[in-house]
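To start, the structure under review is shown below, and the notes come after it.
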Amino acid sequence: MNLEKEIRIHIKNAFKSIFDTDLDLAQLFLQPTRKEFEGTHTFVVFPFLKVTKMSPEDTAVVVGNFLKSRSGMIKDYNVVSGFLNLEIDTSVWVSCLDDMLKNQYWGQLADNGKKVMIEFSSPNTNKPLHLGHLRNNFLGDAISRIFEAAGYQVKKTNLVNDRGIHICKSMLAYKKWGNEETPKSAELKGDHLAGKYYVLFDKCYKEEIATLISKGVSEDEAKKLAPILLEAQEMLQKWEQKDTEVMTLWKKMNAWVYEGFEITYKSMGIEFDVIYKESETYLLGKGIIEEGLNKNVFYQRKDGSVWIDLKEEGLDEKLLMRSDGTSVYITQDIGTCDFKYDDFCMDQSIYVVGNEQNYHFNVLFSIMKKMERPYGEGLYHLSYGMVDLPSGRMKSREGTIVDADELIDEMFTTAAKHTLELGKIEKLTENESKNLFKMVGLGALKFFLLKVDPKKRILFDPRESIEFQGHTGPFIQYTHARISAILRRASSDGINEVLLPILEIHSREQILLAHLMRFEEVIAQAARDYSPALLAQYVYDLAKGYNGFYQELSIFNEPNDHLVTFRISLSRLTAKVIRRSMNLLGIEVPNRM
RNA sequence: CCGCCCGUAGCACAACCGGAUAGUGCAACGGCCUUCUAAGCCGUAGGUUGCAGGUUCGAAUCCUGCCGGGCGGGCCA
């Protein structure tokens, strides 16, 4: 039963019967009652005064009376100015709880027949992942899980940027100074090894620029003429010509990097359904240029370059192909759109990419719509803000990059330290303990990054470690562990969990139930708004609500058997929803901690 | 110069489609473990929601202008 919907129907009936007016269900929305008043659901009457032609108070009273006497589900009501606060009948609460517990699909919305492809992570193979990538990965992973829960068929993809000038920079530096070093000999993860040479390239490049400038070359010129850069560009050309030596080095170094990434993804708990490589897609898109010219969506300039005019969309004129016939960045993205569609026939396609590319995706999507692609309307850029340090943006040359592997390790260590200090896990095996530390450390990190509205930037201060108390992942995990202890005891005491009638439940229990009932709506909304943060907020509020209940009401010392059963069931459902919500965020929850 | 996003307590974040006295955590202060896990709970203090107008029964929320911060804008990715 959908309690809120039922109430709305009764309100609709009230207006029909008392005021002879038909109202749309959609406009009769309810809000949670503020905790200082009795009741759980509040109906605001202000918007309907034109219909009732009564004062707000009288309107609320009339509707309240109708609901109380006719709906069979409202025990009582109270009116505070124009707010009608409703108290739900206890038997209704109990049957709602029963319904949710028995519904094995609670938290999984019905299949809507739609397919969505979600692209995220998309690392470059010339350096290891950093904190910014973590936000991307966690967001992408969470939104994938949320869409699945919302009834979509999801395909998670990772388009690896494995070619291009930046890759050649690492390769060139390695060729020059690598001395046949390997991840094994250097005792470095492969991605970190590649990153080391990328940094070396940059260092040399900077020096060369300085030298040129001291010889009187302008800065702009120096940046273009530095010998090592020219050499890298030459290498890129050789790569494009599939030069054997270059290809061999490229394959060797990329393999190292992939090995390194695999370890990082594993420690993050992230997997993909498909991995695309840019080396296999970078030539796509040229065919579409011709199609666009034929359709008169694109136009050609005298020099032969191809453009699209997006001024009507509030964008600019945009270059799609250079005068020499080579393609630019966006051309391959255009091609990749079709490539993905050929692969998956999706209705929607989500790109999890930082907000620095907002403009780029506006352009890309406008183009695909103009090209009348079947998936055109379903393209969405899940844009997120940067993760900044107190000093501003992370900069590799200033050594302020927060490395993903290091940060995750640090989280594990901190989690272990906290857990051991509290000394509550003597019963766990060494393996179980280790698993717990990872669960909690990663939970803290993921929750920290996911609780914030994606489009806002996040400030990360490395000097202040990520919290384990308060509005955090571990707080929620802890609540789950606590409930697990209750459930263990209930089962060892052999308590029968069949719900039986009760006269009254506490307001804390009502609020908790009302919150639990909102779960599926939150999933739908999180998908609709592309925001895991909504779910993070929801599950935090749930844990908070449960802890209040837990503190105030005793379960096993309650004399009334029916209430004992009720509270255990309520706890069981809460644990279930916490686990499910956290899983949708990519976070696991422990049974003990 | 133009475009997009953000601005809420010392700090970090909420506030659903415009609704009640703008919530939560951290930090500070004061309570609560012989009773189901104190990574918890309860309380105190902390706000001119960047500024100025407008829309209306009602604005953190919608509109306009300004200020501050971020990101981006025809042959880079």
> How would nucleotides 22-28 of chain B be written as a contact map, 5' to 3', with B for base contact, S for sugar-phosphate-only contact and - for no contact, using protein heavy atoms under 4.0 Å?
Replying inline: -SSSS--
>> I'd like to know if A:Asp303 reaches the base of B:rC75 with its side chain such that a donor and an acceptor end up less than 3.5 angstrom apart.
In response: yes
> Can you find an N or O donor on one side and an acceptor on the other, under 3.5 Å apart, linking the side chain of A:Asn85 with the base of B:rA20?
Replying inline: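 Donor-acceptor pair under 3.5 Å: yes.
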>> Taking the minimum atom-to-atom distance to the side chain of A:Phe29, which one of B:rG40, B:rC17, B:rA77 wins?
In response: B:rC17
> Of the nucleotides B:rG73, B:rC36, B:rU37, which one has an atom closest to the side chain of A:Arg482?
Replying inline: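 Of the candidates, B:rU37 comes closest.
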>> When you compare the side chains of A:Thr326 and A:Asp324, does any donor N or O come within less than 3.5 Å of an acceptor on the partner?
In response: yes
>> Using a 3.5 Å distance criterion without hydrogens, assess whether the side chain of A:Arg457 forms a donor-acceptor pair with backbone atoms of A:Val387.
In response: no
Distance check, [atom1] atoms only: [N] and [M], in whole angstrom units.
N	M	atom1	value
B:rG58	B:rG70	P	38 Å
B:rC6	B:rA12	C1'	15 Å
B:rG7	B:rC36	P	44 Å

> Does B:rG40 have A:Phe475 stacked on its base, where the ring centres are within less than 5.5 Å and the planes differ by under 30°?
Replying inline: no
> In whole Å, what is the span from the OH atom of A:Tyr329 to the P atom of B:rG72?
Replying inline: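 Rounded to the whole Å, the gap is 13 Å.
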>> Tell me whether the count of non-hydrogen atoms from other residues, nucleotides or ligands lying under 6.0 Å of CD in A:Glu36 goes above 12.
In response: yes
